[in-house]
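The chains referred to below are lettered A, B, ... by the order of the sequence lines, with proteins before strands, and numbering in each begins at 1.
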Protein chains: 2
Amino acid sequence: MTAQGDQLSQVGEGANRPSLPSGEQRDIPEATVARLALYLRALTSLAERGTATVSSDSLATAAGVNSAKLRKDLSHLGSYGVRGVGYDVSLLSQHIQRTLGLDENRAVALIGFGHLGQALAGYAGFASRGFRIAAIIDTDPELIGSRLRGVTVEHADRLAEVVRRAQISIAVIAVPAAVAQEVCDRLVAAGVTSILNFAPTVLGVPEHVDVRKVDLAAELQILSFHDSRKSHKTLSNNFVGATVDQRMSVVAKSGVIS
Amino acid sequence: MTAQGDQLSQVGEGANRPSLPSGEQRDIPEATVARLALYLRALTSLAERGTATVSSDSLATAAGVNSAKLRKDLSHLGSYGVRGVGYDVSLLSQHIQRTLGLDENRAVALIGFGHLGQALAGYAGFASRGFRIAAIIDTDPELIGSRLRGVTVEHADRLAEVVRRAQISIAVIAVPAAVAQEVCDRLVAAGVTSILNFAPTVLGVPEHVDVRKVDLAAELQILSFHDSRKSHKTLSNNFVGATVDQRMSVVAKSGVIS
DNA sequence: ACGCCCTTGTGAACGCGTTCACAAAATCGT
DNA sequence: ACGATTTTGTGAACGCGTTCACAAGGGCGT
């Protein structure tokens with residue numbers, strides 16, 4: 001199986017936009033967008049190691065996908081690879097970053113500063129990947145006023161004000177399920193248009209707002225499903241586990257990624 | 001909207017759970033499995049509210065999918081709905097739980113007890129949904145020996161021993177990326193066959209092991225992609241004050257959902 | 001009993017995404 | 001200069017999953 005994150009999230013738009021906005025980039029398939037992040041990480045890792053060019057094949061293994069898929073994905077963004085050689089690591093990396101809109105150093109609001117919120121805030125890949133936590137909100141008096149890397153934790157009452165002033169359009173919800181919808185409504189009212197939701201709830205939002213959710217219980221349950229089936233089988237026929245991609249990665253790569 | 005999962009599954013033959021007399025749930029599409037968790041949550045919520053039966057239509061809205069999809073999903077597990085009436089809430093709920101293997105109260109190992117690990121451990125939906133944290137592992141001397149709901153935090157050196165003794169087959173990796181592969185290898189060696197990985201790394205595993213990953217940076221980047229495109233299209237209208245219609249739809253939906 | 005109305009279950013069409021397989025570039029060695 | 005070699009980019013086939021639309025089934029009122 002695959003493995004890697006899946007998710008399909010829903011982008012909430014109802015009416016699609018057949019008409020290209022003011023666009024330069026043509027439509028990139030959703031599945032491809034979801035993988036660009038993986039490629040980007042692999043590329044960053046390669047760059048740190050001083051690699052200048054990389055073939056679709058080795059980049060693919062590093063990212064845990066197969067090479068045909070990788071090439072097709074890159075072709076969607078009008079990639080510039082060189083036949084017989086491969087891709088220029090830093091060039092491709094920049095290209096992907098631009099495509100994902102990461103060159104704008106986007107401001108993100110973090111709502112909920114409990115364990116999960118703090119874990120997210122401390123997540124290294126945050127700042128290093130084009131995101132900046134511009135606001136932190138909670139309701140706990142113990143937390144309010146504390147600072148994290150220059151950002152002060154504000155009370156939920158000031159949510160709208162803070163979000164508006166910092167021109168934040170992306171928010172991460174890391175609050176208990178019971179208050180998630182309320183928080184969401186306030187964020188939307190304050191102008192947030194993209195939400196990453198960690199609370200186990202289906203959020204209702206207007207159609208111009210995008211919600212992606214990360215559902216821990218669901219992930220575990222999916223694992224559980226496969227696991228419970230595995231236990232009824234003999235060792236000789238379990239292909240139930242890893243994907244082809246992963247099998248390849250086992251051979252070629254453990255340790256390569258960092 | 002949503003899309004989720006990729007994952008190619010292929011469950012080999014269909015010997016089912018021996019304990020089930022009539023169960024012939026074989027070949028459940030991966031996409032369906034991923035949604036069962038959502039249905040289960042919605043059903044639980046309905047049950048708490050005392051609802052006895054529910055139509056595919058309202059269950060679908062509660063879970064955030066459309067009703068045709070829901071019905072097809074349920075049909076894959078040989079569901080027992082009643083035409084003209086709907087589904088029996090508690091019956092369906094039990095059926096899904098069995099299908100996901102949640103009736104076995106599965107033991108899970110949590111590796112890494114930093115902020116993320118603690119957030120996961122404190123996650124309510126954990127115990128309440130068929131999972132039991134049977135072991136917690138870390139390397140920080142400050143943490144080792146502390147207890148959480150009867151489980152003592154053990155040092156990583158004892159990982160194999162602890163995992164083997166508790167017969168754990170599912171583990172959650174919540175450690176820094178740099179050590180994730182090593183932890184993974186040890187888990188596999190100790191007999192773990194299903195892993196939920198929060199570290200931003202591609203894990204190499206043998207083919208009989210299933211890995212799912214939750215990639216925070218990737219999620220944000222996907223949001224960023226859509227968000228950056230939206231801003232081009234909406235330059236002219238600032239939704240800092242969403243229209244009344246939009247707000248109302250928020251209100252209306254939120255009432256329906258939980 | 002009977003017919004109306006409601007809701008499920010599903011065959012069929014459709015669309016998206018993955019995989020295959022190969023022709024088109026580009027480099028390198030001789 | 002040129003052929004051998006490598007690796008990209010992509011048209012085409014395929015397969016999975018979603019959506020549509022409707023027949024089949026079941027309850028309920030009369």
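- Among the nucleotides dG9(D), dA12(D), dT19(D), the one closest to any side-chain atom of Lys69(B) is dT19(D).
- Going from atom OH of Tyr80(B) over to atom P of dT10(C) covers 12 Å, rounded to whole Å.
- Place Tyr87(A) and Arg35(B) on DNA chain D by their nearest nucleotides, and Tyr87(A) ends up nearer the 5' end.
- Spacing between atom NE2 of His76(B) and atom P of dG11(C) amounts to 11 Å, rounded to whole angstrom units.
- A side-chain N or O of Ser45(B) and one of Arg49(B) form a donor-acceptor pair less than 3.5 Å apart.
- With rounding to whole Å, Asp73(B) atom CG is found 16 Å from dC16(D) atom P.
- The distance from atom CG of Asp57(A) to atom C1' of dT19(C) is 14 Å, rounded to the nearest whole Å.
- Taking the side chain of Ser75(A) as heavy atoms from C-beta on, and the options dG9(D), dT7(C), dG11(C), the nearest nucleotide is dG9(D).
- Here Ser56(B) does not reach the OP1 or OP2 of dT7(C): none of its side-chain N or O atoms lies under 4.0 Å away.
- The backbone N or O of Gly204(A) sits less than 3.5 Å from a side-chain atom of Gln181(A), completing a donor-acceptor pair.
- Atom CD in Glu30(A) sits about 19 Å away from atom P in dG15(C), given to the nearest Å.
- Rounded to a whole Å, the CG atom of Leu92(B) is 17 Å from the P atom of dT7(C).
- With hydrogens and angles ignored, the 3.5 Å screen pairs no side-chain donor or acceptor of Ser93(A) with any backbone N or O of Leu43(A).
- In this model, the phosphate group of dT7(D) is not approached by any side-chain N or O of Ser55(A) to a distance below 4.0 Å at OP1 or OP2.
- His226(B) contributes no side-chain N or O that, together with a main-chain N or O of Ser194(A), makes up a donor-acceptor pair within less than 3.5 Å.
- Using modelled atom types and a 3.5 Å distance limit, the side chains of Thr193(B) and Asp210(B) yield no donor-acceptor pair.
- In this structure, Asn66(A) does not reach the dT18(C) phosphate: none of its side-chain N or O atoms is under 4.0 Å from OP1 or OP2.
- Position along DNA chain C of the nearest nucleotide to Lys72(B) versus Ala31(A) favours Lys72(B) as the more 5'-ward residue.
- Here the P atom of nucleotide dT7(D) and the CG atom of Leu74(A) are 16 Å apart, to the nearest Å.
- Between the C1' atom of dG17(D) and the CG atom of Leu70(B) lies a distance of 15 Å, rounded to the nearest Å.
- Side chain to side chain, Asp227(A) and Ser169(B) meet the donor-acceptor criterion of an N or O pair below 3.5 Å.
- Toward the 5' end of DNA chain D, the nearer of the two residues Arg71(A) and Thr32(B), judged by each one's closest nucleotide, is Arg71(A).
- Listed by chain and residue number, Asp73(B) satisfy the salt bridge (charged side-chain N to carboxylate O under 4.0 Å, His left out) test with Arg35(B) (two or more places apart in sequence, or in another chain).
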Short heteroatom pairs, N/O only, protein and nucleotides 23-27 of chain C, under 3.5 Å:
{"residue": "dA24(C)", "atom": "N3", "partner": "Arg83(A)", "partner atom": "NH1", "Å": "2.7"}
{"residue": "dA26(C)", "atom": "O4'", "partner": "Arg83(A)", "partner atom": "O", "Å": "3.3"}

